**Q** 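Take a look at this one; I'll ask things after.
If you're wondering where the values come from, they're calculated on a predicted model, not measured in any experiment. Every chain is numbered from 1, with letters handed out A, B, ... down the list of sequences.
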2 protein chains.
Amino acid sequence: MTTLKDVAEHTGLGLGTVSRALSGHPNVRPETRRRVEAAARKLGYQSNGLARALRSNRSNSIGLIIPDLENEFYTTAASVVQGLLAAEGFRLIVSCSNNSPEVDIELLGTLIENRVDGIVHVPCTPDGSDLVRTANPGVPIVEYARRSSARGVDSVIGDDERGSAEIVQHLVDLGHRNIAVIAGPSGLSTTTDRVSGFEQACRKNRLPKRGCPVLYGPSYDAQWGEVATNQIIDDHPDVTAIFASSSRGALGALKALRKRSLSVPKDISLVGFLNPAWLDVSEPPLTTYELPLNDMGDMTARLLLDRIRRPRTEQAAEPQVLRFDGRMILRESTAPPRTHSL
Amino acid sequence: MTTLKDVAEHTGLGLGTVSRALSGHPNVRPETRRRVEAAARKLGYQSNGLARALRSNRSNSIGLIIPDLENEFYTTAASVVQGLLAAEGFRLIVSCSNNSPEVDIELLGTLIENRVDGIVHVPCTPDGSDLVRTANPGVPIVEYARRSSARGVDSVIGDDERGSAEIVQHLVDLGHRNIAVIAGPSGLSTTTDRVSGFEQACRKNRLPKRGCPVLYGPSYDAQWGEVATNQIIDDHPDVTAIFASSSRGALGALKALRKRSLSVPKDISLVGFLNPAWLDVSEPPLTTYELPLNDMGDMTARLLLDRIRRPRTEQAAEPQVLRFDGRMILRESTAPPRTHSL
DNA sequence: CTGAAAGCGCTAACAC
DNA sequence: GTGTTAGCGCTTTCAG
């Protein structure tokens, strides 16, 4: 592979000059720059980013850790963040923890090892980015979607609590008093917040506590949604409405209900959470709570860039928590509770 | 940040020994290794991957360029590939070209600059990875899903042609003779292959050429699916079945049909292509052609690893083209052609 | 404006 | 087994 040195020798110029010419440094005669560029092109020169990053101590890359590459909730964020960062000259290194805390830690380590300039992190554990944060106070980290107890870390999250409360209230308004929630893994802030919103609404409306089961699961995926739904139908025959607190969970619930030939909303009402593209061509179209994912991704990228670029002294000492409101989307999956038995 | 040198000084050992101890080199006394490890932990040492990669000329990272981060077709591949590579000690750098040839080229350049050990590429143009290939004959590249004219590049693709032909044949068997296809951007091999399969089936069954319009579009996304569907209904009233040749296209078609209150399959039959998770909870569940994405992703990763690890001389001189067969999934979106007018 | 020189942090040869 | 040394390819002083 041709190096800067090769170009220097080829042009008879010094290494420094060639470097400056190629990196757009002002103090270079236009004529010289042209010569260098011509030689570089001719020799097929490709600058070595590793060497540059090592020397200049800036890698121009940002790490992103999401728990699931096949969940639109996270890939939307990835997409938005990558778009914005690319425009600012940063590369995005996307990695996926599969919701495993061990992998998560390991990935954080690798990112640090590769000297990324900043990290967007969807933590898989309550203490989240803490380990890395303490080991490495230098790298700016923004937590996305879920927040953790890590200190000195900004976060951009949706107002899950309020969203949950709102959507449950809608069910109550229709007359439901026995509502089940398909929750995610306990310990994640999203789960906690969504369940908390649910319980808040229950309390406010004096719903019977034991008539409103909360099913914590191993993940947010469709399979768990399916299992949980079957469990609800089997073990809680009084339940007339299900709140699937994630998009994949809703998908699973839909599948389970369909397999059992239960009609939504005639036999049972179903609401989702989040609004993936397919949710309004489902049978039936699902009532849900939409979060402004584009704005959230946008803000995540901006916040991180700001942390990277502004000297620390200028910045707010306290980490920021930016919470985004969503809105309910009424579709056709809810109705007053059934009067017949299943 | 603490460096190897710091650890060396702290332990009173030489730089080389410390390096060996930490990288698991056999020739180190266990006792010494323990001491080094303790010191490293105590000082919060984080090895610098950039320096290692620069020196050892191996970055342990693989680049992946996909055209769309929000399309499950590609993210599934990303997920599978990343899983396999992670197990082998490689990092995956995911980037997204947004189907823009310029961005695509640029991303390839960045990957090369950062000295990735290999590249998985979904090309956005007919000549694909060619530019980089010629500029940089050293880096192994595997093209995924779409193949290009680039020389010396392996590819792993689905048998789009046969899949198309099969699914169109199903429509013909039901009695349809006026079938429209919502195709993607012309020039992509997937588009070409799918259209070619379609035309093959048309010819074989002597369908009227001008009664079977092919709508090429700007992208594979849902919006184009919607636009195309409207166009078909408006401009081709004889069409009784639509072949949406991508998953997002099918989603758009479904939305358009729903908006016009056309019933599938009573008014019009609709088949999709590929089988995202939500496709069987849609209204109606869509008949489609499923590709073995997991196997394809798996093979992509293996092929690339092999190219990276095996000396070039041992390898097949000719680039390989691995074509994967899929299978039709019959659901409820097709029926004999309508006998009424719309 | 340009050249020379000093490293960034690490690995790999080579001596001991 | 361990220490020493020479760079990987680049940026960035510092002189001129």
Side-chain angles (χ1 to χ4, degrees), chain A residues 1-37 39-40 43-61 89 109-117 136 138-139, chain B residues 1-37 39-40 43-61 89 109-110 112-117 136 138:
Chain A
M1 205 131 211
T2 44
T3 71
L4 257 199
K5 203 169 139 212
D6 297 325
V7 180
E9 277 164 9
H10 192 85
T11 54
L13 289 160
L15 222 105
T17 310
V18 175
S19 168
R20 279 184 294 261
L22 254 22
S23 56
H25 193 96
N27 283 1
V28 175
R29 203 154 25 111
E31 156 65 13
T32 308
R33 171 159 295 144
R34 255 193 304 281
R35 247 177 64 214
V36 171
E37 278 163 353
L43 299 177
Y45 170 71
Q46 294 264 153
S47 86
N48 186 326
L50 297 171
R52 192 206 332 291
L54 175 61
R55 181 63 236 245
S56 62
N57 214 25
R58 304 184 45 253
S59 65
N60 272 312
S61 55
T110 322
L111 291 178
I112 300 286
E113 257 197 43
N114 287 280
R115 299 298 187 264
V116 292
D117 299 325
N136 198 281
V139 188
Chain B
M1 208 134 208
T2 43
T3 71
L4 258 198
K5 205 171 138 209
D6 297 325
V7 181
E9 278 163 10
H10 192 85
T11 53
L13 289 160
L15 218 99
T17 310
V18 175
S19 168
R20 278 185 296 258
L22 255 20
S23 55
H25 193 97
N27 284 2
V28 175
R29 203 155 23 114
E31 155 66 13
T32 309
R33 170 160 295 143
R34 256 193 303 280
R35 250 177 62 215
V36 171
E37 277 165 353
L43 299 177
Y45 170 70
Q46 296 266 153
S47 85
N48 186 325
L50 298 172
R52 172 172 327 113
L54 176 60
R55 183 59 238 243
S56 63
N57 214 24
R58 305 184 44 253
S59 65
N60 272 313
S61 55
T110 322
I112 300 285
E113 257 197 44
N114 288 280
R115 298 300 187 264
V116 292
D117 299 327
N136 198 281

**Q** Taking any atom closer than 4.0 angstrom to a non-hydrogen atom of chain B, what span of DNA chain D does the protein reach, first nucleotide to last?
**A**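 Counting from the 5' end, contacts occupy D:dG1 to D:dG9.
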
**Q** At what angle, to 10 degrees, do the two end axes of the helix from C:dC1-D:dG16 to C:dC16-D:dG1 meet, given five pairs define each axis?
**A**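 Nearest ten degrees gives 40° for this helix.
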
**Q** Closest to the B:S47 side chain: C:dC10, C:dT2, C:dC8?
**A**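 My answer, after comparing the listed nucleotides, is C:dC10.
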
**Q** Starting at CD of B:Q46, measure out to CG of A:L111 and round the result to the nearest 0.5 Å.
**A**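 CG of A:L111 is found 11.0 Å from CD of B:Q46.
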
**Q** Whether the side chain of A:N48 engages the backbone of A:L50 through a donor-acceptor N/O pair (distance < 3.5 Å, no angle test) should be reported.
**A**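 Yes; judged by distance alone, with no hydrogens or angles, the pair exists.
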
**Q** NA contact type, B:G12, heavy-atom cut-off 4.0 Å: base, sugar-phosphate, or nothing?
**A**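 If one applies the 4.0 Å heavy-atom cut-off, B:G12 turns out to touch the sugar-phosphate alone, with no base involved.
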
**Q** To the nearest angstrom, how far is B:Q46 atom CD from C:dC8 atom P?
**A**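 B:Q46 atom CD is separated from C:dC8 atom P by 19 Å.
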
**Q** If you measure from CZ on A:R33 to OG1 on A:T17, what distance do you get to the nearest 0.5 Å?
**A**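 Output value for this atom pair is 11.0 Å.
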
**Q** Mind listing the closest non-hydrogen atom pair of B:A39 and B:H10 along with its distance?
**A**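 Closest approach of B:A39 to B:H10: CB-CD2, 3.9 Å.
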
**Q** Please give, in whole Å, the distance from C:dC8 P to A:N48 CG?
**A**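 After rounding, the gap between these two atoms is 18 Å.
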
**Q** Less than 3.5 Å apart, which donor and acceptor atoms pair up between the side chains of residues 18-30 of chain B and the rest of the protein, not counting sequence neighbours?
**A**
from  : atom 1 : to    : atom 2 : distance (Å)
B:S23 : OG     : B:S19 : O      : 2.8

**Q** Round to the nearest Å and state the distance from A:N57 atom CG to C:dG9 atom P.
**A**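 Rounded to the whole Å, the gap is 7 Å.
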
**Q** B:V7 versus B:L43: any side-chain heavy-atom pair under 4.5 Å?
**A**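 Answer yes - side chains close enough.
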
**Q** B:S59 side chain to B:R115 main-chain N or O, any donor-acceptor pair under 3.5 Å?
**A**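 Present.
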
**Q** Can you name the side chain to side chain contact (heavy atoms under 4.5 Å, CB included) partners of B:T3, sequence neighbours left out?
**A**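 B:T3: side chain to side chain contact (heavy atoms under 4.5 Å, CB included) contacts with B:K5, B:D6.
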
**Q** For each nucleotide in nucleotides 11-16 of chain C, reading 5' to 3', give B when a protein heavy atom comes within less than 4.0 Å of its base, S when such contact involves only the sugar-phosphate, and - otherwise.
**A** BBB---

**Q** Side-chain contact test, heavy atoms from C-beta onward, threshold under 4.5 Å: evaluate it for B:R35 versus B:L13 and give yes or no.
**A**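 Answer yes - side chains close enough.
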
**Q** Give me each pair satisfying salt bridge (charged side-chain N to carboxylate O under 4.0 Å, His left out) with a member in residues 45-61 of chain A, each pair once, sequence neighbours excluded.
**A**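 Checked against salt bridge (charged side-chain N to carboxylate O under 4.0 Å, His left out) - neighbours excluded - the pairs reaching residues 45-61 of chain A are A:R52-B:E113.
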
**Q** Working note: A:V139 + A:I112, criterion side chain to side chain contact (heavy atoms under 4.5 Å, CB included); need CA distance, chi angles, decisive distance, verdict.
**A** CA-CA 8 Å; A:V139 188; A:I112 300 286; 3.8 Å; yes

